[in-house]
Amino acid sequence: MKSFLFCVFCACLMNQMVYSQNAGQIWLETGLQTKLNKSFSVKAELNNRFGSNGLATSFTQLTAKYKVISWLSASIDYRLISKKEQNGNYLLSNRINSNLSFSYKQDRFSAGLRIRYQRAFNRLNASSYEPDFDNAFRFKPKLKYDIENSIFTPNLAVEFYYNPDNGQFGKQFNKIRTNIGVDLELDGPHSVGLSILYDKKINLPDPTNYLIFKIAYSYKLVLEKKSNRR
């Protein structure tokens, strides 16, 4: 019954997103991650985002994550971004993300909250604020349900963007990103996630909202432990 109600809620929310869309994108994410010890892990990602005019945004990301305690972890990301302009040229930008992630699990349900501060360098568009590419605080609550005897783990997340800068559109929330997805529990080091996202801008002039289909693949690299020689 719980899984049924979760699916009904997701279907209703997805229906609302479809009828509100203005533009569409496809996101492809590929990652490689490994644990260096029990608490510290690293990950490298390549992300490509495609729109109606081909490749719109591409970025590589390097992440270092430290598990402080069972329900709290801290991480930092470095991102090198390439974004396509209207004239067809690609501009480069750099960004640092500082993250705190909280988690809680009860039976087959698990909940989480990620708080992120992103600091952008070399702004891609100095004339207007872009929530994904400029400075922002981001708050992302997430819910997962592990279906018994199934490889599918549905999840739901809503992320809120806040512009901390001074200015005409600063000191306010400016975007809400809704994410409905499913993780596939595969054998071995492979993991796959499928998601539908809806990006809705608020408190910004002439907003362009996006309905997004995302495919994420990650490979977990297990480092060999040194054997004890006698």
Side-chain angles (χ1 to χ4, degrees), residues 13 17 20 22-23 25 27 29 31 41-45 47 49 56-69 71-83 91-104 110-144 155-181 193 195-212 214 216:
L13 189 56
M17 293 191 307
S20 302
N22 295 109
Q25 285 191 341
W27 293 2
E29 176 185 301
S41 62
V42 294
K43 184 176 183 180
E45 291 182 10
N47 290 262
R49 300 177 177 181
T57 307
S58 179
F59 64 87
T60 56
Q61 179 171 295
L62 300 177
T63 300
K65 184 177 182 180
Y66 180 75
K67 189 174 184 179
V68 182
I69 50 180
W71 51 270
L72 173 64
S73 62
S75 61
I76 187 167
D77 314 318
Y78 167 72
R79 185 176 290 189
L80 177 62
I81 305 169
S82 175
K83 185 177 182 294
L91 298 180
L92 292 179
S93 178
N94 299 272
R95 201 178 88 191
I96 299 291
N97 302 327
S98 302
N99 312 292
L100 283 177
S101 298
F102 305 84
S103 62
Y104 174 79
S110 59
L113 171 65
R114 187 189 70 188
I115 301 175
R116 165 177 289 179
Y117 174 67
Q118 65 182 41
R119 177 68 179 176
F121 304 90
N122 305 328
R123 290 188 60 184
L124 292 172
N125 190 346
S127 61
S128 62
Y129 178 83
E130 287 288 341
D132 272 322
F133 303 109
D134 293 321
N135 301 336
F137 281 103
R138 296 162 60 169
F139 307 89
K140 183 181 180 182
K142 187 174 184 178
L143 179 66
K144 285 186 177 183
N155 57 78
L156 172 67
V158 182
E159 188 166 19
F160 303 89
Y161 289 65
Y162 180 84
N163 179 4
D165 295 339
N166 295 315
Q168 183 179 4
F169 305 108
K171 305 297 183 180
Q172 62 182 348
F173 288 94
N174 48 62
K175 189 168 81 163
I176 301 174
R177 173 179 289 169
T178 306
N179 184 330
I180 296 174
S195 304
I196 293 177
L197 303 90
Y198 182 60
D199 269 11
K200 181 176 179 60
K201 293 181 180 179
I202 57 176
N203 299 320
L204 291 174
D206 301 322
T208 300
N209 303 320
Y210 290 95
L211 181 66
I212 302 157
K214 178 180 177 180

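Numbers here are sequence positions counted from 1. Since this is a predicted model, take the numbers as computed values, not measurements.
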(Q) I need the Leu72 CG to Leu113 CG distance, nearest 0.5 Å. (A) 10.5 Å
(Q) With a 3.5 Å distance limit and no angle check, can you tell me whether Lys175 reaches the backbone of Lys200 through a side-chain donor-acceptor pair? (A) no
Q: Measure the spacing between CG of Leu143 and CG of Asn155 and express it to the nearest 0.5 Å.
A: 8.5 Å
Q: Give the minimum heavy-atom separation between Ala74 and Leu100, together with the two atoms involved.
A: CB-CD2, 3.9 Å
Q) Does the side chain of Lys171 reach to within under 4.5 Å of the side chain of Asn166, using non-hydrogen atoms? A) yes
Q: Taking the side chain as every heavy atom from C-beta outward, state whether Val42 and Leu62 have any atom pair closer than 4.5 Å.
A: no
Q: Identify the two heavy atoms, one from Ala136 and one from Pro164, that lie closest to each other, and give their separation to 0.1 Å.
A: CA-CD, 3.7 Å
Q | Non-hydrogen side-chain atoms of Lys83 and Phe59 separated by less than 4.5 Å | A | no
Q: Mark yes or no for whether Asn203, through its side chain, and Phe173, through its backbone, hold a donor-acceptor pair below 3.5 Å.
A: yes
**Q.** Stepwise side-chain contact (heavy atoms from CB on, under 4.5 Å) check, Ile180 with Tyr198
**A.** CA-CA 9 Å; Ile180 296 174; Tyr198 182 60; over 6 Å; no
**Q.** Test side chain to side chain contact (heavy atoms under 4.5 Å, CB included) applied to Lys65 - qualifying residues, sequence neighbours left out
**A.** Ser41, Ser73, Ser75
Q. How many angstroms lie between OH in Tyr129 and CD in Gln172, if you round to the nearest 0.5 Å?
A. 9.5 Å
**Q.** Rounded distance (nearest 0.5 Å) linking atom CG of Asn47 with atom OG of Ser82
**A.** 12.5 Å
Q: Might you work through the side-chain contact (heavy atoms from CB on, under 4.5 Å) test for Phe102 and Ile115, ending with a clear yes or no?
A: CA-CA 9 Å; Phe102 305 84; Ile115 301 175; 4.0 Å; yes
Q) Looking at Arg138, Lys140, Arg116, which hits side chain to side chain donor-acceptor pair (under 3.5 Å) with Glu159? A) Arg138
Q. Side chains of Asp134 and Asn163: do they bring a donor and an acceptor to under 3.5 Å?
A. no
Q. What is the distance from atom CG of Asp132 to atom CD1 of Ile81, rounded to the nearest 0.5 Å?
A. 8.5 Å
Q | Rounded distance [0.5 Å steps], CZ in Arg95 versus CD in Gln118 | A | 4.0 Å
Q) Would Thr57 and Gln25 count as a side-chain contact (heavy atoms from CB on, under 4.5 Å) if you check the C-alpha gap in whole Å, the side-chain angles of each, and the deciding distance to 0.1 Å? A) CA-CA 10 Å; Thr57 307; Gln25 285 191 341; 5.7 Å; no
Q. Any luck finding a side-chain donor-acceptor pair between Glu29 and Trp27 under 3.5 Å?
A. no
**Q.** Check: Phe121 main-chain N/O paired with Ser93 side-chain donor or acceptor under 3.5 Å
**A.** yes
Q. More than 12 heavy atoms of other residues, nucleotides or ligands under 6.0 Å from NZ of Lys43: is that the case?
A. yes
Q) Mind checking whether Thr63 and Ile76 have side chains closer than 4.5 Å, heavy atoms only? A) no
Q) Side chains of Pro131 and Asp199: does their closest heavy-atom pair fall under 4.5 Å? A) no
Q) Is a side-chain donor or acceptor of Tyr117 paired with a backbone partner of Ile96 at a separation under 3.5 angstrom? A) no
Q: Report the C-alpha distance between Asn179 and Arg177 in whole Å, list the side-chain angles of each, state the deciding distance to 0.1 Å, and finish with yes or no for side-chain hydrogen bond (donor to acceptor under 3.5 Å, both in side chains).
A: CA-CA 7 Å; Asn179 184 330; Arg177 173 179 289 169; over 6 Å; no
